[in-house]
Number of protein chains: 2
Amino acid sequence: MTSTDMHAGVLDDLGRRIADGRLPEGAVLTLSGIEKDCEASRTVAREAVRVLETLGMVASRRRVGITVQPRSSWDAFSPRLIDWNLAGPFRQRQLEALAELRVAAEPMAAHLAARRADSRQCAELRRLADRLVDLGGRGLGDSDDYLEADVAFHDLLLTASGNPQLTALARPVRAVLEGRNRLGLTPPLPVEGTLEEHMRVAIAVADGDAEAAERCSRSHMRTVWGEVSRTDG
Amino acid sequence: MTSTDMHAGVLDDLGRRIADGRLPEGAVLTLSGIEKDCEASRTVAREAVRVLETLGMVASRRRVGITVQPRSSWDAFSPRLIDWNLAGPFRQRQLEALAELRVAAEPMAAHLAARRADSRQCAELRRLADRLVDLGGRGLGDSDDYLEADVAFHDLLLTASGNPQLTALARPVRAVLEGRNRLGLTPPLPVEGTLEEHMRVAIAVADGDAEAAERCSRSHMRTVWGEVSRTDG
DNA sequence: CCGACTTCAAAGGTACTACTTTTCGCGCGT
DNA sequence: ACGCGCGAAAAGTAGTACCTTTGAAGTCGG
């Protein structure tokens, strides 16, 4: 355990154990225990605990120890926590939650992008839409190239919104798209309408037509939505 | 600086200085420097740096020091960062970004809440809507009671969505509503339609009518939207 | 027998020191 | 001018000693 920082290793170990429920709410740890478990020094153990504390995953009290907190107090948006969830038994739930968030956020991002995107971004957006149409039309909707372009398109849309929070959703959205792809849920020939929707969003943004961009994006999200809600309660 | 943990103090100090730009992107710190600046021990300084590192605000490299990272790599959703922004010169921008996010998220939350809220939540939602109508109708739209009920309403709506990410937006939404209130932007008599919208959302959720809930919430968000976009570029 | 008060020890919080590892940057030699 | 290696700077890790808080057991008095 000398290649990467010990700190990262210990943090990851604890984070995963808490995120996947092996350390359930209310479980109590001690620094000494962590030192021993992870074969790390006090320094390293403390730093890992501090980080988990800022994520709301544990609370540390004198004389008591380090207590695992209820999920409701965890920082649901922390990239780290999302990764831990994606690596554990809650992977599916996490992907669904992120997918729902995406459906909500992208139309707003499109709206804002139409008002704020610079010309370079507009051009790039149209280029990516073109590429999607090209690849999709040739039955390569399940290829890595298509996925890459799809991720880039939605990433750029969020970025162009000029809203830091929306921009920060780019990483989760990538996870959603890649997750869907890895399960073989993307057909070689994209679902009817998908390609046109991307294109219409790109054009609306380039035209600075916020309402149209939002409408088209929402339409696209509706197309995507069906697949998610199939398995829903 | 003994009342609260030293750690929190140092973290807050550094976090604020970075968030408000006093330590701009590319600035380089050293642990020794931090120890001296904040009059803290190495231990405390290290822990604070670790936390900032997990927030993406700094990166620490051997032989180089601790470098402030570009804003784009910061964890925009971290409650801590949001607080630091709200306390600094970017308060307004932060509130606007959160308001945009809220406009995007609430209709989805309403949709999901209609499908997932339990009966207790439905009842409470209607009770809060009733209270808003009561207070608003009596010209108390700018009272603390109204604000409290308003926050509780939207908080509950997000919580009832059953989506951890949407639920986590409750805190920012509170900040948005309180921020608006503190600036005296809330009139004694709520804007035409506001009260009915709350009520319609509550009823739709209670009826389990997801589409109606989403539609009504979106309508409400449109009402709210006008005020935000006034000052926008 | 019960309640309040005292004492004690467990656990985290802080400080300090010593040592290790990485890596930047300079200078030397080719 | 180019590359190679040496040295120092700074973070990383370890370990120890001591402080502070606080839950809980035990004790005393009513």
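As a basis for the values below, the full set of heavy atoms in this structure was taken, side chains included, without hydrogen atoms, waters or symmetry mates. Every chain is numbered from 1, with letters handed out A, B, ... down the list of sequences.
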- Message: I need the K36(B) NZ to L31(B) CG distance, nearest 0.5 Å.
- Response: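 If I round to the nearest 0.5 Å, the distance is 14.5 Å.
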- Message: Tell me every residue that passes salt bridge (Lys or Arg N to Asp or Glu O under 4.0 Å) with R17(B), counting only those two or more places apart in sequence or in another chain.
- Response: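 Once residues adjacent in sequence are excluded, the partners of R17(B) under the salt bridge (Lys or Arg N to Asp or Glu O under 4.0 Å) criterion are D13(B), D37(B).
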Output the rounded distance in Å from [atom1] ([X]) to [atom2] ([N]).
{"X": "D5(A)", "N": "dG12(D)", "atom1": "CG", "atom2": "C1'", "answer": "7 Å"}
{"X": "M6(A)", "N": "dG15(D)", "atom1": "CE", "atom2": "P", "answer": "11 Å"}
{"X": "E35(A)", "N": "dA10(C)", "atom1": "CD", "atom2": "P", "answer": "16 Å"}
{"X": "L31(A)", "N": "dT14(C)", "atom1": "CG", "atom2": "C1'", "answer": "13 Å"}
{"X": "E39(A)", "N": "dG12(D)", "atom1": "CD", "atom2": "C1'", "answer": "18 Å"}
{"X": "R46(B)", "N": "dA15(C)", "atom1": "CZ", "atom2": "C1'", "answer": "14 Å"}
{"X": "K36(A)", "N": "dA11(C)", "atom1": "NZ", "atom2": "P", "answer": "13 Å"}

Distance-only donor-acceptor pairs under 3.5 Å for side chains of residues 51-60 of chain B, two or more places apart:
unit_1, atom_1, unit_2, atom_2, d
E53(B), OE1, R50(B), NH1, 3.2
T54(B), OG1, V51(B), O, 2.8

Under 3.5 Å, which donor-acceptor pairs do the side chains of residues 169-178 of chain A form with other protein atoms, sequence neighbours left out?
unit_1, atom_1, unit_2, atom_2, d
R174(A), NH1, E178(A), OE2, 3.0

- Phosphate oxygens OP1/OP2 of dA15(C): is one of them under 4.0 Å from a side-chain N or O of R42(B)?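 For dA15(C), OP1/OP2 do not have a side-chain N/O of R42(B) under 4.0 Å.
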- Taking OP1 and OP2 of dA14(D), is either one under 4.0 Å from a side-chain nitrogen or oxygen of S41(A)?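 Yes, S41(A) has a side-chain N/O under 4.0 Å of OP1/OP2 on dA14(D).
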- Message: Heavy atoms within less than 4.0 Å of DNA chain C: which residues of residues 47-63 of chain B have one? Give them sorted by number.
- Response: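 R61(B), R62(B), R63(B), in order of number.
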- Task: Could you say whether H7(A) or V64(A) is positioned toward the 5' end of DNA chain D, judged by the nucleotide with the nearest heavy atom to each?
- Result: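 So the residue in question is H7(A).
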- Query: Could you give all pairs that pass the ring-ring contact (aromatic ring centres under 6.0 Å, His included) test and reach residues 148-176 of chain A, with sequence neighbours left out?
  - Reply: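 Every ring-ring contact (aromatic ring centres under 6.0 Å, His included) pair that includes a residue of residues 148-176 of chain A, provided the two are not neighbours, is F153(A)-H198(A), H154(A)-H198(A), H154(A)-H220(A).
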- Task: Could you tell me which residues satisfy ring-ring contact (aromatic ring centres under 6.0 Å, His included) with F77(B), sequence neighbours excluded, listed by chain and number?
- Result: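 By the ring-ring contact (aromatic ring centres under 6.0 Å, His included) rule, F77(B) matches F77(A).
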- How is T43(A) classified with respect to the nucleic acid when contacts are heavy atoms under 4.0 Å: base, sugar-phosphate, or nothing?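 If one applies the 4.0 Å heavy-atom cut-off, T43(A) turns out to touch a base.
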- Contact class for L29(A) (heavy atom, under 4.0 Å): base, sugar-phosphate, or nothing?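 The answer is sugar-phosphate, as L29(A) gets under 4.0 Å only of primed atoms, P, OP1 or OP2.
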- Message: Starting the side chain at C-beta, find the nucleotide from dA11(C), dG13(C), dA11(D) nearest to T30(B).
- Response: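 Minimum distance to the T30(B) side chain belongs to dA11(D).
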- Between N163(B) and T167(B), does any side-chain donor sit less than 3.5 Å from a side-chain acceptor?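 The answer is no; no qualifying pair exists.
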